[in-house]
Amino acid sequence: MAELLKCIGSTSTGSRIRPGVFLKSPMETDHEAVAKQVKLAFSIEAPILQRLGPHPRIVRYLGEQGKGLLLGEASHGNLQAYINSNNASIELSQRKKWPPIDGSCRLHPQPRRSLDLLLCDFGGAARDEPGLDGNQLPNDPFYDPTQGFETTPALDIFSLGSIFYTILTGYWPYRTRTFLGKGDHDLDYADRVNPLFSQRQCPDVTGFVGGKVIMGC
């Protein structure tokens, strides 16, 4: 029997169906626009994973099951959840080994006792190929409100800056703790951070390891 995991994204839910194998299933919704986005995301993710092929930094694609995708499981879950639970004990040397390039991030142990980053969740990705555009913008704070509503390389680079910041500090830009607390919801956060990003105001990273890279994004 599949074990339901606590991983519900914007377009999917996930379950472990056997050791090392994870089933990513489309989120069920009665909202027509959301259902359309979910269908689009799942229609392009498998082709993108197939074109990327096997890679030590990309989650393993194992095929399809029903409407879902079979993926190799990362034993330590997703990067954000791991940081939320372990932020105080994660050493800088480990953080510097997590350089994401695209997609979402999951963690998998390696023999040298460090955790390697695996890239996944390409349902919102875009490729310079007909029919392979997920047409999905990043969530806050990985979205730059000055760049409009199209996925572009510049928007991806901006997202990387926020990801680097989160990896190095354990917090999203302009946050001071990992977990969302009561009265500190996503919409409240967006209302606070988007006006700042619209004015090109970013958190001070003076003295940060990688601070110049973050500001360059």
Side-chain angles (χ1 to χ4, degrees), residues 2 4-15 17 22-52 58-59 61 63-71 77-81 84 100-106 119-163 166 172-175 179-198:
L4 183 63
L5 303 178
K6 293 181 180 179
C7 52
I8 301 176
S10 59
T11 61
S12 65
T13 60
S15 58
I17 61 171
F22 190 80
L23 176 63
K24 179 179 179 179
S25 302
M27 181 178 67
E28 296 183 2
T29 176
D30 294 328
H31 193 289
E32 184 177 351
V34 175
K36 183 178 179 180
Q37 182 60 57
V38 170
K39 184 177 180 180
L40 175 61
F42 273 78
S43 72
I44 72 162
E45 185 159 10
I48 287 179
L49 285 167
Q50 289 171 332
R51 282 159 176 74
L52 290 172
I58 298 176
V59 69
Y61 172 65
E64 300 182 32
Q65 179 171 304
K67 296 180 180 180
L69 306 177
L70 294 172
L71 305 171
N78 71 69
L79 177 62
Q80 185 66 65
N84 287 347
I101 304 302
D102 191 9
S104 295
C105 313
R106 293 188 175 270
L119 307 179
C120 63
D121 196 10
F122 295 93
R127 218 181 123 89
D128 190 16
E129 185 175 337
L132 288 183
D133 186 348
N135 194 32
Q136 188 170 342
L137 296 171
N139 295 327
D140 304 303
F142 310 102
Y143 169 68
D144 181 358
T146 70
Q147 294 196 34
F149 299 99
E150 292 186 8
T151 54
T152 64
L155 184 55
D156 288 340
I157 292 172
F158 178 89
S159 298
L160 278 177
S162 290
I163 294 173
T166 302
W172 289 0
Y174 291 112
R175 289 188 59 81
F179 291 101
L180 287 172
K182 186 176 181 180
D184 189 20
H185 303 298
D186 286 333
L187 290 178
D188 299 325
Y189 176 75
D191 289 342
R192 179 160 50 92
V193 75
N194 281 338
L196 295 170
F197 283 161
S198 294

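Predicted, not measured: the structure shown is a model, and the values here were computed from it.
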| said: Is there a side-chain contact between Arg175 and Thr166 in this structure, where contact means two heavy atoms from C-beta onward sitting under 4.5 Å apart? | reply: no

| task | Side-chain contact test, heavy atoms from C-beta onward, threshold under 4.5 Å: evaluate it for Phe42 versus Lys67 and give yes or no. | result | no

| Under the side-chain contact (heavy atoms from CB on, under 4.5 Å) criterion, do Leu23 and Leu70 qualify, and how do the steps go? | CA-CA 5 Å; Leu23 176 63; Leu70 294 172; 3.9 Å; yes

Give me the atom names and distance for the closest heavy-atom approach of [X] to [Y].
X	Y	answer
Pro145	Asn194	CG-O, 3.6 Å
Val34	Met27	CG1-CE, 3.7 Å
Ser162	Pro141	OG-O, 2.8 Å
Arg192	Tyr174	NH1-O, 2.7 Å

| message | Surrounding CD of Gln50 (heavy atoms of other residues, nucleotides or ligands, distance under 6.0 Å), is the total greater than 12? | response | yes

| request: State which residues pass ring pair (Phe, Tyr, Trp, His ring centres under 6.0 Å) with Phe197; sequence neighbours excluded, sorted by chain then number. | output: Phe158

Distance, nearest 0.5 Å, that separates [atom1] of [X] from [atom2] of [Y]:
X	Y	atom1	atom2	result
Lys39	Ile44	NZ	CD1	14.0 Å
Leu69	Phe22	CG	CZ	10.5 Å
Ile58	Ile48	CD1	CD1	10.5 Å

| What pairs with Thr29 under side chain to side chain donor-acceptor pair (under 3.5 Å), at least two apart in sequence or on another chain? | none

